[in-house]
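Numbering starts at 1 and runs along the sequence shown. Side-chain atoms are counted along with the backbone in the values below, which use heavy atoms only and exclude waters and symmetry mates.
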Amino acid sequence: KALRNEVGEVHKNCSNAADLPPVQFSLGGATVSIPSSAYVIQTDADQVPSYKGDLKRICVDIFMQMDVETNMGPLWILGMPFMRQYYTIFDRDTP
């Protein structure tokens with residue numbers, strides 16, 4: 001919820017998708033930035049049960065709220081928005 005408050009509302013007609021701010025995280029001392037193009041998608045309106053308008057396709061953010069506490073603090077799963085922008089290749093063959 002706090003993240004959505006920081007980012008702002010995604011207009012269903014996609015008119016502000018490119019204007020939304022990047023989301024920044026500090027991971028291990030490095031700052032990573034995720035642009036709105038990685039966290040806003042356009043989808044068929046009938047795939048979003050809470051949408052009651054008359055647009056056929058709408059824009060939505062793909063953040064998912066989780067209220068999970070661990071012994072190290074709140075749980076964050078960066079997921080698809082992060083993977084769209086960054087990825088890791090694991091090389092098991094090179095020592």
Side-chain angles (χ1 to χ4, degrees):
K1 207 170 198 176
L3 182 58
R4 283 193 172 107
N5 290 341
E6 288 294 318
V7 168
E9 181 183 353
V10 178
H11 295 170
K12 298 301 180 209
N13 66 2
C14 306
S15 64
N16 71 333
D19 300 326
L20 295 169
V23 174
Q24 295 184 329
F25 297 94
S26 178
L27 301 173
T31 300
V32 294
S33 183
I34 301 172
S36 61
S37 60
Y39 69 80
V40 175
I41 62 167
Q42 190 175 43
T43 187
D44 291 333
D46 61 3
Q47 297 298 309
V48 183
S50 61
Y51 179 68
K52 303 296 182 213
D54 46 349
L55 294 173
K56 298 274 188 235
R57 293 189 55 80
I58 60 172
C59 276
V60 294
D61 69 58
I62 54 175
F63 297 123
M64 185 174 166
Q65 182 175 340
M66 294 180 57
D67 295 322
V68 177
E69 286 290 329
T70 70
N71 60 352
M72 298 175 66
L75 174 68
W76 283 77
I77 298 174
L78 298 178
M80 201 50 129
F82 182 80
M83 295 301 285
R84 285 180 169 191
Q85 196 65 25
Y86 300 93
Y87 62 92
T88 302
I89 298 173
F90 295 94
D91 182 358
R92 294 183 181 187
D93 295 330
T94 305

Between Y39 and F82 (side chain of the first, backbone of the second, donor and acceptor by atom type, cut-off under 3.5 Å), is there such a pair? no
Scan D61, V32, V7 and name whichever one has a side chain to side chain contact (heavy atoms under 4.5 Å, CB included) with V23. V7
Report yes if some heavy atom in the side chain of V60 is under 4.5 Å from a heavy atom in the side chain of K12; otherwise report no. yes
Short question: side chain of D44, backbone of D46 - any donor-acceptor pair under 3.5 Å? no
Working for side chain to side chain contact (heavy atoms under 4.5 Å, CB included), residues I41 and M80: CA-CA 11 Å; I41 62 167; M80 201 50 129; over 6 Å; no
Note: S36 and A17 closest approach over all heavy atoms is OG-O, 2.8 Å
Considering residues, nucleotides and ligands other than D54, do more than 12 of their heavy atoms fall under 6.0 Å from its CG? no
Taking all non-hydrogen atoms of both residues into account, name the closest pair between R84 and S37 and its distance. NH1-O, 4.2 Å
CD1/I77: more than 12 non-hydrogen atoms of other groups inside 6.0 Å: no
Quick check against the 3.5 Å criterion: does N16 have a side-chain atom that pairs as donor or acceptor with the backbone of E9? yes
For the atom pair CD1 (I58) and OG1 (T43), what is the distance rounded to the nearest 0.5 Å? 7.0 Å
Would you compute the distance between atom NZ of K56 and atom CD of Q42 and round it to the nearest 0.5 angstrom? 14.0 Å
To the nearest 0.5 Å, atom NE2 of H11 lies from atom CG of D19 at 9.0 Å
